[in-house]
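Proteins get letters first, then strands, A, B, ... in listed order; numbering begins at 1 in each.
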Protein chains: 2
Amino acid sequence: MKKMPLSVFDTDHHVGDTMVTAADYQLEDQVGFIMRCVNQRHLSIFSRLIPELTPTQFSALAKLCATGQASQNELGRMIAIDAATIKGVVDRLKHRGLISSESQPSDLRRLILKPTEEGRQLFHQISAAARQVSEDTLKPLSEKEKHVFMNLLDKLR
Amino acid sequence: MKKMPLSVFDTDHHVGDTMVTAADYQLEDQVGFIMRCVNQRHLSIFSRLIPELTPTQFSALAKLCATGQASQNELGRMIAIDAATIKGVVDRLKHRGLISSESQPSDLRRLILKPTEEGRQLFHQISAAARQVSEDTLKPLSEKEKHVFMNLLDKLR
DNA sequence: CACAAACTGTTAGTACACAAACTAATTTGC
DNA sequence: GCAAATTAGTTTGTGTACTAACAGTTTGTG
């Protein structure tokens, strides 16, 4: 289904009393809608290859392993997660013993986060799978298409 | 702070026992990560132009206006939302008087959903803004790039 | 006909994601 | 030097989104 040529988008609208019709808005052609679908597929690939963590949790752990340490808000900013959300993510990672936190003496507002040894080990264990997730997600595209797509996607950031 | 050049990304890793290091995984180059960022931007555009509804609620209403009616699960399937999630979406739309539901006599399991007159009016009112959302989201791309991007995105669905 | 299989809707549980409102600590600007 | 602004973290509330488990209902097949 949905294989009708785009050049034709159904012209059989217009009833007479209103000029706006349902037919001139095609939900399944909208960026947001397709992105949500693509994201669903990506999520399913991710949870299959990396059942231990959610994408968000992995992002946080990966960034923390890369930087060594960061405050909670700082970590959120680095991976584009707002303050209210990062709290829950950090709590869950902390609860599982993958990261540790202690308040910073020079600024008592700050919580310094660091990956634990167990956290680092887990990250190293699954980082190969993480690369595979990206590869699998882009699998429907040719090498050239992948490059073009990533380039355009980056422009929409 | 954190303004150290990326070209240097901490090379002081490597402990000796494993070959996998932190530096060879660049979070911000991964499809999933960038898609989440693009989605954030899209969401902010959407809620600015259409503060009345969330993208999911709008999808449901739009599809229901396009088809006239559908059962709850059916509606979910049409817009790629699972049964548990669509229930909440439908409940909220119903609560706001935008759609109505009645059980289908010929199959007592089914709830037949229809947009109310108010729901149809709202949809028609905001459908122009909805098109604008897509346009604004893709604004960073040229006409040619938009076409290429949508084509590739569709392949990843 | 009977009964297993499939389907519809519901609930509970987990996990983002963001807005708004709040406290506490620090930095700034006059 | 001190009020104002900013920053860090927390809490609450709303809205997706998916999994798993469950109760009715319908249907296909033996």
Side-chain angles (χ1 to χ4, degrees), chain A residues 32-33 35-48 50-61 70-96 98 101-113, chain B residues 1-2 32-33 35-48 50-61 70-96 98 101-113:
Chain A
F33 183 81
M35 277 206 301
R36 191 166 61 75
C37 296
V38 174
N39 214 48
Q40 280 177 351
R41 180 166 157 271
H42 173 260
L43 201 66
S44 113
I45 293 172
F46 193 103
S47 69
R48 182 161 41 80
I50 306 180
E52 300 92 344
L53 295 173
T54 66
T56 307
Q57 288 167 2
F58 177 75
S59 290
L61 181 60
S71 85
Q72 188 170 289
N73 273 9
E74 212 176 356
L75 177 61
R77 253 176 270 125
M78 287 190 288
I79 58 178
I81 290 175
D82 90 311
T85 304
I86 195 69
K87 186 195 183 334
V89 177
V90 163
D91 283 351
R92 284 180 283 274
L93 289 174
K94 215 157 49 177
H95 185 257
R96 290 177 51 181
L98 300 175
S101 76
E102 50 178 301
S103 71
Q104 177 180 308
S106 64
D107 186 339
L108 297 179
R109 296 169 304 177
R110 291 178 145 230
L111 284 178
I112 301 302
L113 309 177
Chain B
M1 71 179 71
K2 263 60 231 190
F33 183 81
M35 277 205 301
R36 192 166 61 74
C37 296
V38 174
N39 215 47
Q40 280 178 351
R41 179 166 156 272
H42 174 259
L43 200 66
S44 114
I45 293 172
F46 193 103
S47 69
R48 182 161 43 78
I50 307 179
E52 300 92 345
L53 296 173
T54 66
T56 306
Q57 288 167 4
F58 177 74
S59 290
L61 181 59
S71 84
Q72 189 170 289
N73 273 10
E74 211 176 355
L75 176 61
R77 251 175 271 125
M78 288 191 287
I79 58 178
I81 291 176
D82 88 306
T85 303
I86 195 69
K87 185 197 182 335
V89 177
V90 163
D91 283 352
R92 283 181 284 275
L93 290 175
K94 214 157 48 176
H95 185 258
R96 289 177 53 181
L98 300 174
S101 75
E102 50 178 302
S103 71
Q104 175 180 313
S106 65
D107 185 341
L108 296 179
R109 297 169 303 177
R110 291 177 144 231
L111 284 179
I112 300 302
L113 309 178

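A/M78 is listed as a side-chain neighbour of A/L75, based on a closest heavy-atom distance under 4.5 Å. For the pair A/N73/A/R109, no side-chain contact is recorded, criterion being any heavy-atom separation below 4.5 Å from C-beta on. You'll find the side chain of B/L111 stays beyond 4.5 Å of the side chain of B/S71, heavy atoms only.
The distance between atom CG of A/L113 and atom P of D/dA8, rounded to the nearest whole Å, is 13 Å. Atom CD1 in B/I112 sits about 16 Å away from atom P in D/dT25, given to the nearest Å. Rounded to whole Å, atom P of C/dC18 lies 15 Å from atom CZ of B/F46. What separates CG of B/N73 from C1' of D/dT26 is a distance of 14 Å, to the nearest Å. Rounded to whole angstrom, the span from the CZ atom of B/R110 across to the P atom of C/dG9 amounts to 7 Å. Across the protein-nucleic acid pair, B/L111 atom CG and C/dC7 atom P stand 18 Å apart, rounded to whole Å. Taking atom CD1 on B/I86 and atom P on C/dT10, their separation rounds to 11 Å, with Å as the unit. We find that CZ of A/R77 is positioned 8 Å from C1' of D/dT7, with the value rounded to whole Å.
In this structure, B/S47 has no side-chain hydrogen bond (donor to acceptor under 3.5 Å, both in side chains) partners at least two apart in sequence or on a different chain. With sequence neighbours left out, B/R48 forms a side chain to side chain contact (heavy atoms under 4.5 Å, CB included) with B/I45. Partners of B/R41 according to the salt bridge (Lys or Arg N to Asp or Glu O under 4.0 Å) rule, which considers only residues two or more places apart in sequence or in another chain, do not exist here. The side chain to side chain contact (heavy atoms under 4.5 Å, CB included) check on A/L43 picks up A/P55, with sequence neighbours excluded. Every residue two or more places apart in sequence or in another chain that forms a side chain to side chain contact (heavy atoms under 4.5 Å, CB included) with B/Q104 is listed here: B/S106, B/D107, B/R110, B/I112. A search for side-chain hydrogen bond (donor to acceptor under 3.5 Å, both in side chains) contacts involving B/S101 returns B/K94, not counting sequence neighbours.
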Interface polar pairs with nucleotides 12-19 of chain D, N/O, under 3.5 angstrom:
from, atom 1, to, atom 2, distance (Å)
D/dT16, OP1, B/T54, OG1, 2.3
D/dT16, OP2, B/Q57, NE2, 2.6
D/dT16, OP2, B/R92, NE, 2.8
D/dT16, OP2, B/R92, NH2, 3.4
D/dT16, O5', B/R92, NH2, 3.1
D/dT16, O3', B/T56, OG1, 3.2
D/dA17, OP2, B/T56, OG1, 2.8
D/dC18, OP1, A/Q40, NE2, 3.0

For nucleotides 23-25 of chain C, which of its nitrogen or oxygen atoms have a protein nitrogen or oxygen under 3.5 Å away, and what is each distance?
from, atom 1, to, atom 2, distance (Å)
C/dA25, N3, A/R109, NH1, 3.2

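Among the atoms of the strands shown, only primed sugar atoms or phosphate atoms (P, OP1, OP2) are found under 4.0 Å from some heavy atom of A/S71.
Legend: salt bridge (charged side-chain N to carboxylate O under 4.0 Å, His left out) pairs involving residues 81-92 of chain A, not counting sequence neighbours, sorted by first then second residue: A/K87-A/D91.
Of the two residues contacting DNA chain C, namely A/Q104 and B/K87, the nearest-nucleotide position lying further toward the 5' end is that of B/K87.
When every heavy atom of B/V89 is checked against every heavy atom of B/A60, the shortest pair comes out as CG1-CB, 4.1 Å.
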**Request:** Return one dot-bracket line describing DNA chain D 5' to 3' (Watson-Crick or G-U wobble pairs, both distances under 3.5 Å; ( ) same strand, [ ] crossing, | another strand, . none).
**Result:** ||||||||||||||||||||||||||||||

